[in-house]
Protein chains: 2
Amino acid sequence: MAVTIKDVARAAGVSASTVTRALTMPALVHPETRDRVRRTAASLGYHPNRAARGLITGRTGNLGLLVPDLGNPFFPSVVKGVQARAHEADYAVFLADTDEDSAAEIGLVRKLSQQVDGLLLCSPRMTDDELRTLVGDTPLVLVNRRLARVPSVIPEFLDGMRQAVSHLTALGHRRIGYVAGPRSSWANRERARSARTVSAAAGAELVEIGSVAPQFEGGVAAADQVLAAGVTAVIAYNDLVALGLLNRFTARGVSVPGDLSVLGFDDIPLAAMVHPALTTVALPKEQSGRAAVDLLLQLLADPDRSPAARRELPTQLMVRASTGPAPVHPAPKPAPAESAPLGSAGPP
Amino acid sequence: MAVTIKDVARAAGVSASTVTRALTMPALVHPETRDRVRRTAASLGYHPNRAARGLITGRTGNLGLLVPDLGNPFFPSVVKGVQARAHEADYAVFLADTDEDSAAEIGLVRKLSQQVDGLLLCSPRMTDDELRTLVGDTPLVLVNRRLARVPSVIPEFLDGMRQAVSHLTALGHRRIGYVAGPRSSWANRERARSARTVSAAAGAELVEIGSVAPQFEGGVAAADQVLAAGVTAVIAYNDLVALGLLNRFTARGVSVPGDLSVLGFDDIPLAAMVHPALTTVALPKEQSGRAAVDLLLQLLADPDRSPAARRELPTQLMVRASTGPAPVHPAPKPAPAESAPLGSAGPP
DNA sequence: ACGGAGATCGCCAACGTTTTCATGCATTCT
DNA sequence: AGAATGCATGAAAACGTTGGCGATCTCCGT
């Protein structure tokens with residue numbers, strides 16, 4: 001059916017070995033025959049069968065990428081970065097969405113690991129121990145997660161949080177809320193820790209609120225607790241949660257940023273699309289994807305070097321419309337909750 | 001390194017062929033040995049090498065999925081559907097983002113087609129002719145695009161548009177705008193055509209406005225034309241465009257839905273998260289992904305049957321807060337454009 | 001008791017490629 | 001001039017799996 005290396009060999013009047021060499025080790029064949037072989041290969045539309053090649057070389061030319069939830073706009077951005085860099089390097093990428101399920105995650109890793117040269121685990125939900133059982137099995141790079149002796153790409157959370165808190169304290173806020181994400185999330189623990197460290201240093205009081213799903217609904221659910229906490233500003237685990245807060249605040253008639261400032265994390269595209277536009281700490285999403293692929297490729301090229309290369313990428317506070325000066329009456333008295341026009345929440 | 005079929009064969013005291021049969025054609029081996037083989041295979045952690053299998057069977061067990069832009073929240077939803085169904089059927093999926101570039105699209109199809117059993121093209125940007133050159137090369141299913149004699153999965157655009165227009169005319173709107181998407185997009189042509197057909201039937205006047213990028217910025221750019229067109233309601237090519245409209249209307253002090261009703265297409269998750277929540281025609285996103293995989297799999301199982309199976313999936317109008325009764329003064333006189341707090345537009 | 005059918009299983013070729021290893025030949029050194 | 005080197009190429013083995021073919025054995029009908 002498809003054109004094989006033998007077809008090319010016959011057409012060019014050489015052996016199969018020469019065809020291979022002409023295409024993958026050009027220095028080893030006579031320039032004249034090399035060109036001839038390449039021309040006939042091109043004219044016949046020959047592409048080496050990757051399965052056959054993989055069988056002998058042990059390399060598939062594929063990368064695997066696992067993300068917890070493509071529905072969270074953060075991840076498609078990372079995926080785009082991974083895609084772009086991988087295709088540049090002539091790798092194809094398997095994508096798997098684990099639906100926030102750490103058990104499924106492990107299963108998928110196992111299934112994918114035999115078909116790829118290396119894996120990228122983006123914000124994996126599994127525990128450190130589970131993660132450790134996977135390491136050594138397959139070359140592997142973590143994105144948005146740190147684990148000793150495992151290569152990873154992470155944003156500078158601490159600095160991002162510092163920018164956020166500095167921005168708020170400069171605006172006069174002294175009592176700041178942090179709406180926590182999933183307890184099992186490494187990123188959440190990291191952000192919470194940074195928030196404590198940074199706000200202590202800045203002389204601001206930090207109120208930690210709940211632990212919610214990293215989604216719009218989580219923010220909606222936490223909003224009333226935020227209001228009850230008597231803070232003048234709130235930092236959300238991520239942008240989706242911040243949008244949930246914003247939505248509920250609007251419904252309850254709380255003015256943002258008049259009564260309360262709201263700050264997110266991630267800078268997903270729609271952060272700039274809502275009203276008021278969301279002030280947020282931009283994480284290097286596509287860049288993380290690219291950097292992770294780079295790390296993985298150099299790990300594949302040279303397996304025993306740099307047992308745990310780690311890259312930290314800079315973050316950037318995007319000041320938009322959801323943050324403003326602290327109100328003069330520090331503890332706003334919101335109207336009692338009404339069953340407000342929330343809009344039917346979420347897709348069917 | 002890895003455990004091969006020979007290891008299992010030796011450990012179980014049988015030949016390699018028997019191992020294969022025990023695992024893939026259970027009926028052909030004695031129940032006792034079958035169980036023994038399966039147990040030893042499991043205990044050794046044996047998984048057949050898919051490359052080797054693919055070499056001989058000609059099947060890879062992989063599917064390819066091409067999308068134009070993962071940044072548009074519509075596509076991650078489709079991807080999720082594809083993922084889920086493919087994994088159920090024990091297929092892995094290659095994902096490629098073509099960045100709205102039809103040339104890259106063709107190249108990627110060519111590159112992927114040799115590594116997959118079949119391809120899913122989601123809203124392909126290429127022309128009909130380009131598309132035709134690809135068909136026959138590889139089993140292929142179109143999502144969100146119709147082409148004669150090519151299997152496809154599409155939403156019932158006409159009915160969706162009918163629901164949208166009926167909703168608006170019931171609210172008293174008689175002059176309705178349609179903000180068009182990319183001219184090269186089949187989905188756009190289809191929606192525009194449906195809009196004309198349906199509004200004519202409903203006795204409403206349709207004003208077609210521009211042709212914009214299918215993104216937030218496109219909506220922002222079209223908003224002022226919409227206001228100038230003197231319509232009381234506007235249907236956008238998709239939700240992102242609708243959100244762009246909404247944002248610019250808010251900035252110009254136009255009340256939605258007081259002065260103007262806005263209606264989108266797709267029902268991306270954030271349509272319900274903004275304020276006012278967006279009324280929109282929900283397309284079966286995940287379901288399209290699943291249906292496309294189903295179609296592709298049955299095409300692979302039985303190549304010569306049903307040369308052009310086609311599935312049309314129902315749509316559903318989601319009435320939220322961005323549509324309301326037509327204003328009594330049909331042509332609102334908006335305040336002149338001010339340099340309003342739009343929020344920095346889009347990601348860096 | 002014999003032939004044949006059916007069940008069960010092993011042998012071996014094949015898939016398309018890469019990679020040693022060996023070969024032929026021209027060139028250069030002593 | 002003979003040997004040693006280098007280059008360019010071909011032959012063949014190997015990668016892990018599957019599937020056709022045939023061998024063996026059991027069982028049944030006649």
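In the text below, chain A, chain B and the rest are named by the order of the sequence lines, each starting its count at 1. Note that this is a predicted model, so its numbers are computed, not measured.
Along DNA chain C, the nucleotide closest to B:Leu55 and the one closest to B:Arg36 are compared, and the more 5′ of them pairs with B:Arg36.
Out of D:dT9, C:dT17, D:dT17, the shortest distance to the side chain of B:Arg53 is found at D:dT17. The side chain of A:Thr18 approaches D:dT9 more closely than any other nucleotide in the set D:dT9, C:dG10, C:dT8. Which of C:dG16, D:dG10, D:dT17 sits closest to the side chain of A:Thr4 comes down to C:dG16. When the nucleotides D:dT17, D:dC15, C:dC9 are ranked by their closest atom to the side chain of A:Ile56, D:dC15 comes out on top. Here the side chain of B:Ser15 is nearest to one of C:dT17, D:dT9, C:dC11, namely C:dC11. Comparing C:dT19, C:dT17, D:dG20 by their closest approach to the side chain of B:Arg21 singles out D:dG20. Closest approach to the B:Val29 side chain among C:dT19, C:dC9, C:dG10 is made by C:dC9 (side chain taken as heavy atoms from C-beta onward). Of the listed nucleotides (C:dT17, C:dT19, D:dG10), C:dT19 has the atom at the smallest distance from the side chain of A:Thr57.
Here D:dG19 presents its C1' atom at 15 Å from CG of B:Leu23, a figure rounded to the nearest Å. As a whole-Å value, the separation of A:Leu28 CG from D:dC7 P is 10 Å. Rounded to an integer number of Å, the gap from A:Ile5 CD1 to D:dA11 P is 14 Å. One interatomic measurement links the two molecules: CG of B:Asn49 to C1' of D:dA14, which rounds to 14 Å at whole-angstrom precision. D:dT26 atom P lies 12 Å from atom NE2 of B:His30, rounded to whole Å. Protein atom CE of A:Met25 is 14 Å distant from nucleotide atom P of D:dA8, rounded to whole Å. In this structure, B:Lys6 places its NZ atom 13 Å from P of D:dT18, rounding to the nearest Å. A straight line from CZ of A:Arg10 to P of D:dG10 spans 14 Å, rounded to a whole angstrom.
Side-chain N or O atoms of B:Arg53 include none that pairs as donor or acceptor with a backbone N or O of B:Arg59 at under 3.5 Å. Using modelled atom types, one side-chain atom of A:Glu130 and one backbone atom of A:Thr127 make a donor-acceptor pair closer than 3.5 Å.
When all heavy atoms of B:Thr138 and B:Gly118 are compared, the closest pair comes out as CG2-CA, 4.1 Å.
Contact annotation: side chain of A:Arg50 to base of C:dG16, donor-acceptor pair absent below 3.5 Å.
Residue A:Thr20 is classed as a base contact, given a heavy-atom separation below 4.0 Å to a base. Counting non-hydrogen atoms under 4.0 angstrom, A:Ser17 reaches a base of the nucleic acid.
Of the charged side-chain nitrogens involved, none lies within less than 4.0 Å of a carboxylate oxygen, so that A:Asp137 and A:Arg132 do not count as a salt-bridged pair. With respect to the salt-bridge test (charged N to carboxylate O, under 4.0 angstrom), the residues A:Arg145 and A:Glu190 do not qualify.
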